[in-house]
A.B. asks: 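Supplied in structure tokens, the structure appears directly below.
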Amino acid sequence: MSSLTEKDRPIVQLLLSAGTCPRCIFRFCRVGSQTLYRHPYKDLMKDLKQFLEGNQEEEDRACFDVADPPCKRFRHGHTEEGADDLNQNGVLSQIPLANDGNADVENSDVENSAVEVCNVCLGILQEFCEIDFVKKMCEKVNSSDFQFTSFVFSVSLPPQLSVREHAAWLLVKQEMGKLDLSLAKDDIVQLKEAYKWIIHPQLSEELGVPTDGKSLFEVSVVFAHPETDEECRFLATVCPDCFKPAKNKQSVFTRMAVIKALEKIKEEDFLKHFPCPPSSPKNLCVALEIQCNNGAVFVAGRYNKYSRNLPQTPWIIDGERKLESSVEELISEHLMAEFKADRRPFAIELVNPHRIHFTAEEMKGFQQTINNSSDKIQVRDLQLVTREAIGRMKEGEEEKTKTYSALIWTDKTIQKEHIAFLDDIKELKLDQKTPLRVLHRRPLALRCRIIHTMKSQYIDEHHFRLHLKTQAGTYIKEFVHGDFGRTKPNIGSLLNRTTDILELDVESVDIDWPPALEN
């Protein structure tokens, strides 16, 4: 028998009599064969009993006779399945499931007896490995109407499972010590790992797509066990430093906090507060949530704005909307619906989209829909981009330059010669405090910005137009009127006059992103 050996016999006897399920017994016996965990539950229980009886003839037929388990380092690696486990489509082949109707269970006592809830996994490696629960997960996935070609599966376990596993480990460690053997806690096959070994091929078969650790589509299940929720609380008394309130946590008894406390607590202190072995619960875990989430889709393009009364983002102050719409809203509302001058680049993150694949023609259609919706903006080069490509625009924000046209008013009369010197100023350095007009939404800071070039155009005694090429992030309005001295120098101080800005147009944003598309 290659998976369980003679030295495992007292461990199997000890845990089985304590109310531990066969799959958890395998975990504590360091069984690394994924195939063995997938055998029907009743078959596993029957074969465990045969193993304890020591009947060699029965053992030869037992399902434990599988390939030697891989070493721990290999078991925890990324390679979960061998090539023989895959069919031609890359989907895991059908494996024996826990409710296999063809399983011939000869031991009537095992077949007819009620399944006792495991005192370690609280039923997760029992009831929730059955095909009925897998189908329930698939129904949730299919009803959510997500578009995906692979999936990654995640599971959230109640923190008290770590306490129960710790108690079972102390029990097994003590028994192995009698045989001059040792069991490190890290040698135990993790419950999540064993559960995924069982669930992955079943989910893959039912959904018709492979598992992929890098997939953007996630299927997750959250387990809870209300009956034993209080079992972690003694740790807060023994190890109070491990349990600190956090704003984004509903309870201090998180899985990581419990694990940290278990690493610190002394064995004798643990045994004073918690039974070893842990008692068998009356009820199974419950699956609180089955969730589906798709990774974000990023859409980029360029837009022209044709209204000075249209802000880039919603303009809301103290809960009151100042203008009825914004560039962000005009673009994103149509993209959200569809996904369930070549001037300013933009990128929009669409969170948890149901659709993720679009043809070039469909993207052109979305672009046309946006352009037909308003005469205030026009977009072009609309395209899907990667998260990494967004970094290109972020980098460009620091490096890019912007060109503006500003219509300026002066209180004192001016002639051409009064403004001509502005054309000769190059690389003018400004110190700009956060403008008063945006202090309600941006932190107070002093920023250094550069005006690269200026070109003046005289209009009349009180008006002139100024064309500016500036570093991105420069507050142009404040550079013109000074913002009560918060921007230095400014046009008013340079001209020794009171100045104000009447019109401001962005003429170009000098960044070659996203790539231009053929029309």
Side-chain angles (χ1 to χ4, degrees), residues 302-313 315 323 326-327 341-346 374-380 396-438 447-513 516:
R302 287 175 173 265
Y303 72 91
N304 285 4
K305 187 176 76 168
Y306 299 114
S307 171
R308 294 191 180 90
N309 294 321
L310 185 70
Q312 260 71 296
T313 57
W315 190 11
L323 293 172
S326 65
V327 172
D342 52 336
R343 300 307 184 203
R344 309 188 200 187
F346 68 87
S374 173
D375 59 359
K376 296 180 179 180
I377 62 165
Q378 292 283 289
V379 302
R380 75 169 185 81
E397 289 179 354
E398 299 298 324
E399 303 168 359
K400 70 187 179 185
T401 59
K402 299 176 75 172
T403 303
Y404 296 90
S405 173
L407 179 60
I408 298 173
W409 168 87
T410 65
D411 63 335
K412 297 179 182 178
T413 60
I414 56 171
Q415 300 299 323
K416 289 183 180 181
E417 54 269 22
H418 292 143
I419 61 174
F421 74 98
L422 296 175
D423 298 3
D424 298 325
I425 296 177
K426 311 295 181 186
E427 306 302 320
L428 177 64
K429 293 182 179 180
L430 310 180
D431 287 328
Q432 291 197 305
K433 289 183 180 179
T434 304
L436 294 173
R437 64 185 171 92
V438 299
R447 301 171 178 85
C448 180
R449 293 292 184 260
I450 298 176
I451 306 294
H452 297 295
T453 61
M454 290 183 283
K455 179 70 174 178
S456 61
Q457 180 182 348
Y458 180 80
I459 297 176
D460 59 38
E461 292 182 342
H462 290 282
H463 300 88
F464 70 98
R465 186 169 294 278
L466 189 65
H467 300 276
L468 310 95
K469 187 172 186 179
T470 75
Q471 179 184 359
T474 304
Y475 291 109
I476 304 302
K477 294 179 181 178
E478 284 66 28
F479 172 59
V480 172
H481 57 60
D483 198 24
F484 300 100
R486 298 169 66 85
T487 291
K488 298 178 180 179
N490 55 71
I491 293 296
S493 65
L494 293 173
L495 295 179
N496 196 25
R497 286 167 171 76
T498 298
T499 56
D500 204 355
I501 188 166
L502 303 180
E503 294 178 0
L504 179 65
D505 295 322
V506 179
E507 295 190 331
S508 70
V509 178
D510 303 323
I511 178 173
D512 187 20
W513 191 92

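Small disclaimer: the values here were computed from a predicted structure and weren't measured.
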A.B. asks: Once side-chain hydrogen bond (donor to acceptor under 3.5 Å, both in side chains) is applied, what residue pairs with a partner in residues 419-434 remain, sequence neighbours excluded?
C.D. replies: Asp423-Ser456, Glu427-His452, Gln432-Thr487, Thr434-Arg447
A.B. asks: Not counting sequence neighbours, list each pair that qualifies as a salt bridge (charged side-chain N to carboxylate O under 4.0 Å, His left out) and has a residue in residues 469-485.
C.D. replies: Arg437-Glu478, Asp483-Arg486
A.B. asks: In sequence, state the C-alpha distance, the side-chain angles, and the governing distance for Thr474 and Leu468, and then conclude on side-chain contact (heavy atoms from CB on, under 4.5 Å).
C.D. replies: CA-CA 11 Å; Thr474 304; Leu468 310 95; over 6 Å; no
A.B. asks: The criterion is side chain to side chain donor-acceptor pair (under 3.5 Å); which residues satisfy it with Asp375, sequence neighbours excluded?
C.D. replies: none
A.B. asks: Stepwise, does the side-chain contact (heavy atoms from CB on, under 4.5 Å) test hold for Ile476 with Thr470?
C.D. replies: CA-CA 9 Å; Ile476 304 302; Thr470 75; 3.7 Å; yes
A.B. asks: Not counting sequence neighbours, which residues clear salt bridge (charged side-chain N to carboxylate O under 4.0 Å, His left out) with Glu461? List them please.
C.D. replies: none
A.B. asks: If you count heavy atoms of other groups shown closer than 6.0 angstrom to CG of Asp460, is the number above 12?
C.D. replies: yes
A.B. asks: Taking salt bridge (charged side-chain N to carboxylate O under 4.0 Å, His left out) as the test, write out the residues that go with Arg497, two or more places apart.
C.D. replies: none
A.B. asks: What residues, two or more places apart in sequence or in another chain, satisfy salt bridge (charged side-chain N to carboxylate O under 4.0 Å, His left out) together with Arg449?
C.D. replies: none
A.B. asks: About how many Å separate CD1 of Ile425 and NZ of Lys455, when rounded to the nearest 0.5 Å?
C.D. replies: 13.5 Å
A.B. asks: Taking side chain to side chain donor-acceptor pair (under 3.5 Å) as the test, write out the residues that go with Thr403, two or more places apart.
C.D. replies: Ser508
A.B. asks: Mind checking whether Pro489 and Leu430 have side chains closer than 4.5 Å, heavy atoms only?
C.D. replies: yes
A.B. asks: What pairs with Ser374 under side chain to side chain donor-acceptor pair (under 3.5 Å), at least two apart in sequence or on another chain?
C.D. replies: none
A.B. asks: Any donor-acceptor pair under 3.5 Å linking the side chain of Ser405 with the backbone of Asp505?
C.D. replies: no
A.B. asks: Using the side-chain contact (heavy atoms from CB on, under 4.5 Å) rule, take His418 and Tyr458 through it: C-alpha gap first, then chi angles, then the decisive distance, then the call.
C.D. replies: CA-CA 10 Å; His418 292 143; Tyr458 180 80; over 6 Å; no
A.B. asks: Using side chain to side chain contact (heavy atoms under 4.5 Å, CB included) as the criterion, point out the one residue from Thr499, Ile501, Ile451 that pairs with Phe479.
C.D. replies: Ile451
A.B. asks: Partners of Thr453 by side chain to side chain donor-acceptor pair (under 3.5 Å), sequence neighbours excluded?
C.D. replies: none
A.B. asks: With sequence neighbours excluded, tell me which residues meet side chain to side chain contact (heavy atoms under 4.5 Å, CB included) with Ile459.
C.D. replies: Leu407, His463, Arg465
A.B. asks: Check the pair Trp409 / Val480 against side-chain contact (heavy atoms from CB on, under 4.5 Å), numbers first and verdict last.
C.D. replies: CA-CA 9 Å; Trp409 168 87; Val480 172; over 6 Å; no
A.B. asks: Quick one: pull up CG in Asn490 and CG in Leu428 and give me the separation to the nearest 0.5 Å.
C.D. replies: 10.0 Å
A.B. asks: Is there any salt bridge (charged side-chain N to carboxylate O under 4.0 Å, His left out) pair reaching into residues 403-418, and which pairs are they, with sequence neighbours excluded?
C.D. replies: none
A.B. asks: Is the shortest heavy-atom distance from the side chain of His462 to the side chain of Thr413 under 4.5 Å?
C.D. replies: yes
